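Reviewing the structure listed below.
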Amino acid sequence: MTGEEYSEIPEGTVSEDAVSENPEQTGSPGDDVQISIRDLGKTYKTDDSETVAIEGFNLDVKRGELISIVGPSGCGKTTLLRMIAGLLDPTTGTIMIDGRVCKGPGPDRGMVFQDFALFPWRSVRKNIEFGLEIAGVPSADRATRSDELLRMVGLTDFADARIHELSGGMKQRVAIARALATSPDVLLMDEPFGALDAQTRNLMQENLVNILSQTDQTVIFITHSVDEAVYLSDRIVVLTKRPATIKSIVDIPWEWPRDRASAEFTSLRKEILEELREENVMN
């Protein structure tokens, strides 16, 4: 990202008294904190109304963490992710990545969408290489990088296939590979497996763990599935109903692989579901 898209901020701007026990101040900025969000808010305005989607949101994300964000439907999860991506401007507050204020999209962040957003007229390889083309990477280097990613996501034999020839899970693997192609520091994933059947979704979660074990990306993952969040995450951020703020943050104490059928997994999933039930907009 260019200097025009980021601006340096004075040292000491971020409060150092943020602690995870207080959901409104979550974590203490330091050398291992990659993303720092302070007092973030977003209000949508029309000629005759205002809708406050997010307010008072504070979060620190450590380098290499996988953070899942769950919350009631319509609470602003995607809005939050799009602000981190630089696709939406905050109404209030700041988002900092590596100590610099985010001012727009940039190559330090890759995004994976729920609907794949692939180019049907391009082959699998050419979809993966798209960001590299935009960046002006020479064709030989693009091919080397796409070969590496095709192996990583298990699609080497489908390099020249068209998108309509792939299953849903394969399409999402292409989307993940494309997001990783430019080696972004942060991977933003917006309900990436939501359109898949249950069996494929579980397989994709396992694939994602395997892929990320070969990279050093920080991941922010939006999901409606508590089971998915518990399976994948280092921490889970539970949001309130709109206007969204942080209700709680849950640390996941287990390494991978994780046993979905274990008593501990089931108990933690139940606790988070109960927190979400309290925020159900139908209540």
Side-chain angles (χ1 to χ4, degrees), residues 64-69 77-78 81-82 84-85 107-135 137 139 141-225 227-234 256-258 260:
E65 260 192 310
L66 194 158
I67 298 286
S68 285
I69 298 177
K77 297 183 291 296
T78 294
L81 201 71
R82 287 179 177 269
I84 298 170
D108 59 341
R109 283 151 289 156
M111 193 156 182
V112 179
F113 301 91
Q114 180 177 351
D115 60 358
F116 313 133
L118 300 173
F119 302 120
W121 59 89
R122 283 179 164 245
S123 67
V124 167
R125 180 188 297 277
K126 291 300 184 182
N127 265 279
I128 293 172
E129 292 180 0
F130 177 74
L132 300 173
E133 288 181 33
I134 297 300
V137 176
S139 59
D141 294 336
R142 295 200 306 266
T144 298
R145 179 61 173 156
S146 60
D147 281 342
E148 175 188 356
L149 289 164
L150 285 163
R151 286 193 297 271
M152 186 183 295
V153 300
L155 291 175
T156 298
D157 293 341
F158 294 87
D160 297 319
R162 298 290 176 174
I163 299 306
H164 73 271
E165 300 175 298
L166 306 181
S167 68
M170 293 165 76
K171 291 176 183 176
Q172 199 56 283
R173 278 186 275 163
V174 176
I176 293 170
R178 184 179 63 181
L180 291 172
T182 56
S183 301
D185 298 324
V186 179
L187 190 61
L188 305 171
M189 309 187 77
D190 188 7
E191 193 72 28
F193 309 142
L196 304 177
D197 64 83
Q199 182 178 2
T200 303
R201 187 169 187 159
N202 286 353
L203 290 173
M204 283 302 302
Q205 292 163 11
E206 294 175 15
N207 286 337
L208 180 61
V209 170
N210 291 333
I211 291 167
L212 293 177
S213 70
Q214 303 173 61
T215 72
D216 57 358
Q217 267 80 21
T218 302
V219 180
I220 299 181
F221 190 100
I222 302 293
T223 181
H224 283 96
S225 169
D227 180 275
E228 183 168 72
V230 175
Y231 183 81
L232 290 174
S233 308
D234 296 306
W256 290 291
R258 294 175 182 173
R260 300 177 197 267

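All residue numbers in this chain count up from 1 along the given sequence. Please read all numbers here as calculations on a predicted model, not as lab measurements.
- Side-chain contact between Thr223 and Ser225 is present, with at least one heavy-atom pair separated by less than 4.5 Å.
- Residues Leu166 and Val124 form a side-chain contact, since some pair of their non-hydrogen atoms from C-beta on lies under 4.5 Å apart.
- Side-chain atoms of Arg142 do not come within 3.5 Å of backbone N or O of Leu132 as any donor-acceptor pair.
- Shown here for Leu232 and Leu66, the closest heavy-atom pair between the two residues is O-CD1, 3.8 Å.
- Here the CE atom belonging to Met189 is positioned 10.0 Å from the OG atom belonging to Ser68, to the nearest 0.5 angstrom.
- At least one cation-pi condition fails for Arg178 and Phe116: the charged atom is not both under 6.0 angstrom from the six-membered ring centre and inside a 45 degree cone around its axis.
- A 4.5 Å side-chain heavy-atom check between Val153 and Met170 finds every atom pair outside the cut-off.
- Of the inter-residue distances, the one linking Ile69 atom CD1 with Ile67 atom CD1 reads 8.0 Å to the nearest 0.5 angstrom.
- Between Tyr231 and Val209 there is a side-chain heavy-atom pair separated by less than 4.5 Å.
- Between atom CG of residue Leu155 and atom CD1 of residue Ile128 there is a gap of 6.5 Å, rounded to the nearest 0.5 Å.
- Without hydrogens or angle criteria, Arg109 side chain to Leu187 main chain gives no donor-acceptor distance under 3.5 Å.
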Candidate pair Asp197 and Thr200, rule side chain to side chain donor-acceptor pair (under 3.5 Å), full reasoning: CA-CA 5 Å; Asp197 64 83; Thr200 303; 2.8 Å; yes
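- Glu65 contributes no side-chain N or O that, together with a main-chain N or O of Val219, makes up a donor-acceptor pair within less than 3.5 Å.
- Atom OG1 of residue Thr156 and atom CG of residue Leu150 lie 5.5 Å apart, to the nearest 0.5 angstrom.
- The side chain to side chain donor-acceptor pair (under 3.5 Å) pairs that include a residue from residues 183-192 are Thr78-Asp190, Arg145-Ser183, Glu191-Arg201, Glu191-His224, where partners are two or more places apart or lie in different chains.
- Pairs engaging residues 204-217 under the side chain to side chain donor-acceptor pair (under 3.5 Å) rule: Gln205-Glu228, Gln205-Arg260, Thr215-Gln217 [sequence neighbours left out].
- Atom CD1 of residue Ile211 and atom CD1 of residue Ile176 lie 5.0 Å apart, to the nearest 0.5 angstrom.
- Between Leu149 and Ala181 the shortest heavy-atom distance is CD1-CA, 3.4 Å.
- Within a 6.0 Å radius of CZ in Phe158, no more than 12 heavy atoms belonging to other residues, nucleotides or ligands are found.
- Every pair passing side chain to side chain donor-acceptor pair (under 3.5 Å) that includes a residue from residues 117-132 is listed here, sequence neighbours excluded: Arg122-Glu133, Arg125-Ser146, Arg125-Asp147, Glu129-Ser146.
- Here the shortest heavy-atom pairing between Ala85 and Met111 reads CB-SD, 3.9 Å.
- To the nearest 0.5 Å, atom CG of residue Leu118 and atom NE2 of residue His164 are 13.5 Å apart.
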Leu188 vs Phe221, side-chain contact (heavy atoms from CB on, under 4.5 Å): CA-CA, chis, key distance, verdict: CA-CA 6 Å; Leu188 305 171; Phe221 190 100; over 6 Å; no
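- Shortest non-hydrogen contact noted between Ala179 and Thr182 is O-OG1, 4.2 Å.
- Considering every non-hydrogen atom in both Phe113 and Arg82, the closest pair reads CE2-NH2, 4.0 Å.
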